[in-house]
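Structure record follows, encoded as structure tokens.
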Amino acid sequence: PDAPQTSSAANDPSGQLLPNALSHLPNNTSAQSLYRSNSVTGNIVTQAKSTPSTSTTQSSSTALPQKTIKSIANATNIDTLLVANETEVEKIIMPPDAVQDKTAFIFNNLSQLNITTKCEEIKEILLKEYYPWMSQYLVLKRASIEINFHTLYSNFLDALKMHELLILTTNETFRNIKVLLRSDKSIANFSDRSLLKNLGHWLGMLTLGRNRPILHNDIDLKSLVLEAYSKGQQELLYVVPFVAKIIESCAKSKVFKPPNPWTMAIMNVLAELHQEPELKLNLKFEIEVLCKSLNLEVADLKPAYYLKD
């Protein structure tokens with residue numbers, strides 16, 4: 001029987017958990033073997049071979065061509081991250097199939113009301129040697145495409161009280177962000193932009209939202225904006241929403257909320273960018289929304305002379 005679905009599964013467009021009968025199907029990407037059982041948010045799609053109709057209806061003697069409709073619901077995929085993670089497969093100890101299935105089931109049915117129960121369930125099956133796999137599963141298969149459930153997953157990590165798993169998850173988030181930042185941005189890739197924006201929001205919750213700093217050795221946000229500005233509008237389409245989503249978590253931080261100097265320095269750089277007459281309107285809007293979330297006014301910021309210096 002199908003697993004019971006909560007609001008997390010019901011609202012997701014990618015379908016239900018694959019039955020065990022389909023687990024023997026071959027994967028196109030070796031990195032996909034990390035996850036034998038697709039979650040409700042899995043973007044790995046298997047296409048059944050179409051068979052000619054044997055209908056004897058006289059009015060349909062000629063088969064009509066089938067249209068392949070590309071749904072906007074499937075616009076975000078993790079192909080870039082899957083390919084980049086191929087080299088990581090050999091370094092990770094994979095849990096048995098039963099553990100992978102149970103993990104997917106737990107996340108499919110996770111809600112704010114049953115976090116404590118689900119934490120006990122995950123602790124029963126998750127050995128310490130599986131922590132790297134778990135962190136990659138959480139970042140790659142959940143956080144990168146389920147921005148609406150970031151708060152739920154963050155609360156789940158808090159309730160688990162596994163500091164090592166939190167550190168591994170944060171490091172895995174940084175690693176996947178760097179993959180996306182290094183990807184080719186010369187073409188309009190909506191999926192990669194969405195992934196980067198989602199992981200920016202997730203990173204902010206794991207770090208700034210927990211009063212933990214983002215070190216320059218990991219990501220220098222000011223330099224990132226400067227580099228994107230020098231490369232042009234296409235690069236800014238990736239970087240500005242990403243940085244804005246990270247800084248958004250400062251609103252809930254006791255340490256990094258304005259007027260924190262580090263936060264205000266980045267906001268002043270964004271204010272300088274906001275003054276650019278050639279900046280796309282959607283990027284101006286991203287900056288204005290960020291200011292509103294931090295209870296700031298764009299006009300009250302002091303634009304730096306950082307980008308043109």
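At least one side-chain heavy atom of Leu195 sits less than 4.5 Å from a side-chain heavy atom of Ser144. Taking 4.5 Å as the limit, every side-chain heavy atom of Arg175 sits out of range of all side-chain heavy atoms of Lys178. Looking only at side-chain heavy atoms (C-beta outward), Leu236 and Lys231 stay at 4.5 Å or farther from each other. The shortest distance between side-chain heavy atoms of Phe242 and Ile177 falls below 4.5 Å. When side chains are defined from C-beta on, Met267 counts as touching Leu290, because their heavy atoms get closer than 4.5 Å. With a 4.5 Å cut-off on side-chain heavy atoms, Leu294 and Ile247 count as touching. Between Gln100 and Trp133 there is a side-chain heavy-atom pair separated by less than 4.5 Å.
Between Phe149 and Tyr153, the ring-plane angle classifies as tilted under the 30° and 60° cut-offs. Ring-plane geometry between His150 and His201 is classed as parallel, the angle between the planes falling under 30 degrees on a 0 to 90 degree scale with a further cut at 60.
Remark: Lys128 engages Tyr131, Glu164 in a side-chain contact (heavy atoms from CB on, under 4.5 Å) (not counting sequence neighbours). Under the salt bridge (charged side-chain N to carboxylate O under 4.0 Å, His left out) criterion, Lys257 pairs with no residue, sequence neighbours left out. The salt bridge (charged side-chain N to carboxylate O under 4.0 Å, His left out) check on Lys302 picks up nothing, with sequence neighbours excluded.
A salt bridge (charged side-chain N to carboxylate O under 4.0 Å, His left out) check over residues 196-205, counting only residues at least two apart or in different chains, returns the pairs Lys197-Glu286. Under the salt bridge (charged side-chain N to carboxylate O under 4.0 Å, His left out) criterion, the residue pairs touching residues 198-218 are Asp158-Arg210, with sequence neighbours excluded.
When hydrophobic clusters are built by joining Ile, Leu, Val, Met, Phe, Trp and Tyr residues whose side-chain heavy atoms come closer than 4.5 Å, directly or via intermediates, Leu127 is grouped together with Met162. Linking ILVMFWY residues whenever their side-chain heavy atoms come closer than 4.5 Å, directly or via other members, places Trp202 and Leu165 in the same cluster. In the hydrophobic clustering of this structure, Met205 does not group with Leu215; members are Ile, Leu, Val, Met, Phe, Trp, Tyr whose side-chain heavy atoms approach within less than 4.5 Å, directly or through other members. Under the 4.5 Å side-chain heavy-atom criterion for ILVMFWY residues, no single connected hydrophobic cluster contains both Phe285 and Ile266. Linking Ile, Leu, Val, Met, Phe, Trp and Tyr whenever their side-chain heavy atoms come within less than 4.5 Å leaves Leu296 and Val298 in two separate clusters.
In this structure, CD1 on Ile125 lies 11.0 Å from CZ on Phe105, to the nearest 0.5 angstrom. Note that CZ of Phe156 and CG of Leu138 are 8.5 Å apart. Values are rounded to the nearest 0.5 Å. The distance from atom OH of Tyr238 to atom CG of Leu196, rounded to the nearest 0.5 Å, is 8.5 Å. The CG atom of Leu206 sits 9.5 Å away from the CD1 atom of Ile167 when rounded to the nearest 0.5 Å. With values rounded to the nearest 0.5 angstrom, Ile122 atom CD1 is found 13.0 Å from Thr117 atom OG1. Interatomic distance, Ser183 OG to Asp192 CG, rounded to the nearest 0.5 Å: 4.5 Å.
Counting non-hydrogen atoms of neighbouring residues, nucleotides and ligands closer than 6.0 angstrom, the NZ atom of Lys284 exceeds 12 such neighbours. When the shell of 6.0 Å around NZ of Lys123 is examined, it contains more than 12 heavy atoms from other residues, nucleotides or ligands. For CD of Gln112, the number of neighbouring non-hydrogen atoms (other residues, nucleotides, ligands) closer than 6.0 Å is greater than 12. Summarising the local packing, NZ of Lys280 is surrounded by 12 or fewer heavy atoms from other residues, nucleotides or ligands at distances under 6.0 Å.
Closest of all the heavy-atom pairs between Ile115 and Leu152 is CD1-CD1, 4.0 Å. Taking both residues in full, the closest heavy atoms of Arg193 and Leu237 are given as NE-O, 4.0 Å, listed atom of the first, atom of the second, then distance. Taking each heavy atom of Gly204 and Ser249 in turn, the nearest pair found is C-OG, 3.1 Å. In terms of heavy-atom proximity, Leu199 sits nearest to Thr173 at O-CG2, 4.0 Å. Considering all non-hydrogen atoms of both residues, Leu208 and Cys250 come closest at CD1-SG, 3.6 Å. Residues Glu172 and Asn176 share a closest heavy-atom pair of O-ND2, 2.8 Å.
One N or O on the side chain of Asn260 and one on the backbone of Val255 form a donor-acceptor pair closer than 3.5 Å. In terms of modelled atom types and a separation under 3.5 Å, the side chain of Asn114 and the main chain of Ser111 share a donor-acceptor contact. Using modelled atom types, one side-chain atom of Ser135 and one backbone atom of Pro132 make a donor-acceptor pair closer than 3.5 Å.
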Intermediate values then yes/no, side-chain contact (heavy atoms from CB on, under 4.5 Å), Met134 and Leu168 = CA-CA 9 Å; Met134 179 65 181; Leu168 286 171; over 6 Å; no
Just do the side-chain contact (heavy atoms from CB on, under 4.5 Å) check on Trp262 and Leu221 with the steps written out, would you?
-> CA-CA 10 Å; Trp262 179 85; Leu221 296 182; 3.9 Å; yes
Begin from the C-alpha positions of Asp220 and Leu224 and carry the test side-chain contact (heavy atoms from CB on, under 4.5 Å) through to its verdict.
-> CA-CA 6 Å; Asp220 184 351; Leu224 192 62; over 6 Å; no
Worked check of side-chain contact (heavy atoms from CB on, under 4.5 Å) between Cys291 and Glu297 = CA-CA 6 Å; Cys291 288; Glu297 294 290 338; over 6 Å; no
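At a cut-off of 3.5 Å, with distance as the only test, a side-chain donor of Ser253 or Asn211 sits close to an acceptor on the other residue.
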Without placing hydrogens or testing angles, list every side-chain donor-acceptor pair under 3.5 Å for residues 270-278, not counting sequence neighbours.
unit_1: Glu272; atom_1: OE1; unit_2: Tyr306; atom_2: N; d: 2.9
unit_1: Glu272; atom_1: OE1; unit_2: Leu307; atom_2: N; d: 3.3
unit_1: Glu272; atom_1: OE2; unit_2: Leu307; atom_2: N; d: 3.2
unit_1: His274; atom_1: NE2; unit_2: Glu288; atom_2: OE2; d: 2.9
unit_1: Glu276; atom_1: OE2; unit_2: Tyr229; atom_2: OH; d: 3.4
unit_1: Glu276; atom_1: OE2; unit_2: Lys308; atom_2: NZ; d: 3.3

